[in-house]
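Predicted model, so just to flag it, every value in this text is computed and none were measured. Counting starts at 1 for both ligands and their atoms, in listed order.
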Amino acid sequence: MLNAEKLENLIHAKYPEAYVRVFDTVDSTNTRAKDTEDFSFGIICARSQTAGRGRLGRSFYSPEGTGLYMSLILPITPKEAFEFSLTAAAAVAGARAIERLCGISAGIKWINDLYINGKKVAGILTEGQPNRVIVGIGINVSTQVFPPELKQAGSLGKTADLSELAAAVALELFDMVFGKSRGFMPEYRRRSILLGKEILYLKGGTEHRAKAVDIDAMGRLVVQDALGAETALDSGEVRVIME
Ligand code: BTN
């Protein structure tokens, strides 16, 4: 069970000025963070969400007690977040925290999903406001049964302490952002589960097949078509078609 006092102590030990709030249930911690404008730095968590949101208008399944649903509020502009590759940083922060607390190595599926054994165990939804950026992170920790349409979903399969996991992810990301170091990029590439694979991606309404060959300094996925021409993708979804 996510313990508010423990989370607050862990966060405040390093960042005493951070706003820390734990709800039993909310529609979406990202929505709650966006609607609560009286602070610009902190963390909002919930033990469950009734309308957890994902990228591309999808929902994020958020049952009580078996997952971590958190939003980190950062005092930076969307432009600064983009230049920092904040979403990539959050993916690395999540992977590091999972590895440290659960002993499992998570891969990153560009842009921002964490995968273990071919299953998506975590997702990230970054949303900007004029002077703040909200990074929503959902981690399926011990959820066993998912709605049938979530064919890719899986969980860590560990009984991690949710307060410690939340604090570990948050502190990793806060340190990266306030340290202003993009030193996480090599690790982002190293954890990529796409590099070297044949993939399908959508561009201009058409599906293209290519090989994922690199993630550039801006966090874009560089793909190469059969003729060797390279394209850098900066958003969207890709699907692996060949291991
Ligand atoms: C995705 O998989 O596309 C991103 C999922 C992000 C889910 C997290 S859970 C906490 C925060 N609140 C939300 O409504 N979404 C994010």
Side-chain angles (χ1 to χ4, degrees), residues 2 4 7 11 19-36 42-74 81 85-95 97-98 106-116 118-129 132-143 146-147 149-156 160 162-163 165-170 172-173 191 193-194 201-202 219 221 233-240:
L2 189 56
L7 176 64
I11 298 287
Y19 176 90
V20 180
R21 182 83 198 261
V22 175
F23 291 95
D24 256 336
T25 185
V26 288
D27 48 359
S28 149
T29 57
N30 264 35
T31 304
R32 201 48 79 100
K34 283 164 76 178
D35 290 348
T36 316
I43 171 171
I44 291 180
C45 294
R47 298 188 178 98
S48 68
Q49 297 183 119
T50 54
R53 296 185 288 109
R55 288 175 65 235
L56 309 171
R58 296 181 187 139
S59 59
F60 189 82
Y61 182 57
S62 313
E64 185 179 352
T66 61
L68 185 60
Y69 319 113
M70 59 192 275
S71 296
L72 302 177
I73 301 96
L74 294 163
S85 302
L86 182 64
T87 299
V92 172
I98 289 169
I108 298 172
K109 178 166 180 258
W110 182 87
I111 301 172
N112 55 1
D113 291 335
L114 296 188
Y115 271 69
I116 291 173
K119 295 284 185 191
K120 173 173 167 174
V121 299
I124 298 167
L125 174 66
T126 303
E127 299 183 292
Q129 293 185 307
R132 303 189 312 174
V133 173
I134 318 280
V135 184
I137 303 171
I139 303 177
N140 304 322
V141 178
S142 56
T143 309
F146 292 91
E149 65 275 15
L150 298 181
K151 295 194 173 38
Q152 290 288 318
S155 68
L156 304 182
L162 296 181
S163 320
L165 188 57
V169 177
E172 280 286 349
L173 190 63
R191 287 187 184 271
I193 61 168
L194 292 185
Y201 67 96
L202 269 181
L221 182 69
L233 308 176
D234 53 16
S235 64
E237 281 279 279
V238 302
R239 201 147 49 88
V240 178

Please list the nearest protein heavy atom to [atom] with its residue and the distance rounded to 0.1 Å.
{"atom": "atom 3 (O) of ligand 1", "value": "R55 N, 2.7 Å"}
{"atom": "atom 9 (S) of ligand 1", "value": "Q49 NE2, 3.4 Å"}
{"atom": "atom 10 (C) of ligand 1", "value": "T29 OG1, 3.2 Å"}
{"atom": "atom 6 (C) of ligand 1", "value": "R53 O, 3.5 Å"}
{"atom": "atom 5 (C) of ligand 1", "value": "F60 CD1, 3.5 Å"}
{"atom": "atom 2 (O) of ligand 1", "value": "K120 NZ, 2.5 Å"}

Would you compute the distance between atom [atom1] of [X] and atom [atom2] of [Y] and round it to the nearest 0.5 angstrom?
{"X": "M70", "Y": "N30", "atom1": "CE", "atom2": "CG", "value": "11.0 Å"}
{"X": "T25", "Y": "Q49", "atom1": "OG1", "atom2": "CD", "value": "8.0 Å"}
{"X": "L150", "Y": "K120", "atom1": "CG", "atom2": "NZ", "value": "8.5 Å"}
{"X": "K34", "Y": "S28", "atom1": "NZ", "atom2": "OG", "value": "8.0 Å"}
{"X": "Y61", "Y": "E149", "atom1": "OH", "atom2": "CD", "value": "10.0 Å"}
{"X": "I44", "Y": "I73", "atom1": "CD1", "atom2": "CD1", "value": "4.5 Å"}

* Criterion side chain to side chain contact (heavy atoms under 4.5 Å, CB included) on L114 and I108, from CA distance to verdict -> CA-CA 5 Å; L114 296 188; I108 298 172; 3.6 Å; yes

Which of the ligand 1 atoms, numbered from 1, are nearer than 4.0 Å to a heavy atom of [X]:
{"X": "S28", "value": "12 (N), 13 (C), 14 (O)"}
{"X": "G52", "value": "14 (O)"}
{"X": "G54", "value": "1 (C), 3 (O), 4 (C), 5 (C)"}

* Asked: Using a heavy-atom cut-off of under 4.0 Å, does the side chain or the backbone of I137 touch ligand 1, or both, or neither?
  -> backbone

* Any idea which part of L56 is under 4.0 Å from ligand 1, heavy-atom wise: side chain, backbone, both or neither? ->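 Neither; no heavy atom under 4.0 Å.
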
* Asked: Out of curiosity, is M70 lining ligand 1, as in a heavy atom under 4.0 Å away?
  ->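 Heavy atoms of M70 do come under 4.0 Å of ligand 1.
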
* So, does R55 use its side chain to make a donor-acceptor pair with the main chain of I111 at under 3.5 Å? -> no

* To do: Return a yes/no value for S71: is any of its N or O atoms, backbone included, closer than 3.5 angstrom to an N or O of ligand 1?
  => no

* Asked: Between S71 and R32, does any side-chain donor sit less than 3.5 Å from a side-chain acceptor?
  -> no

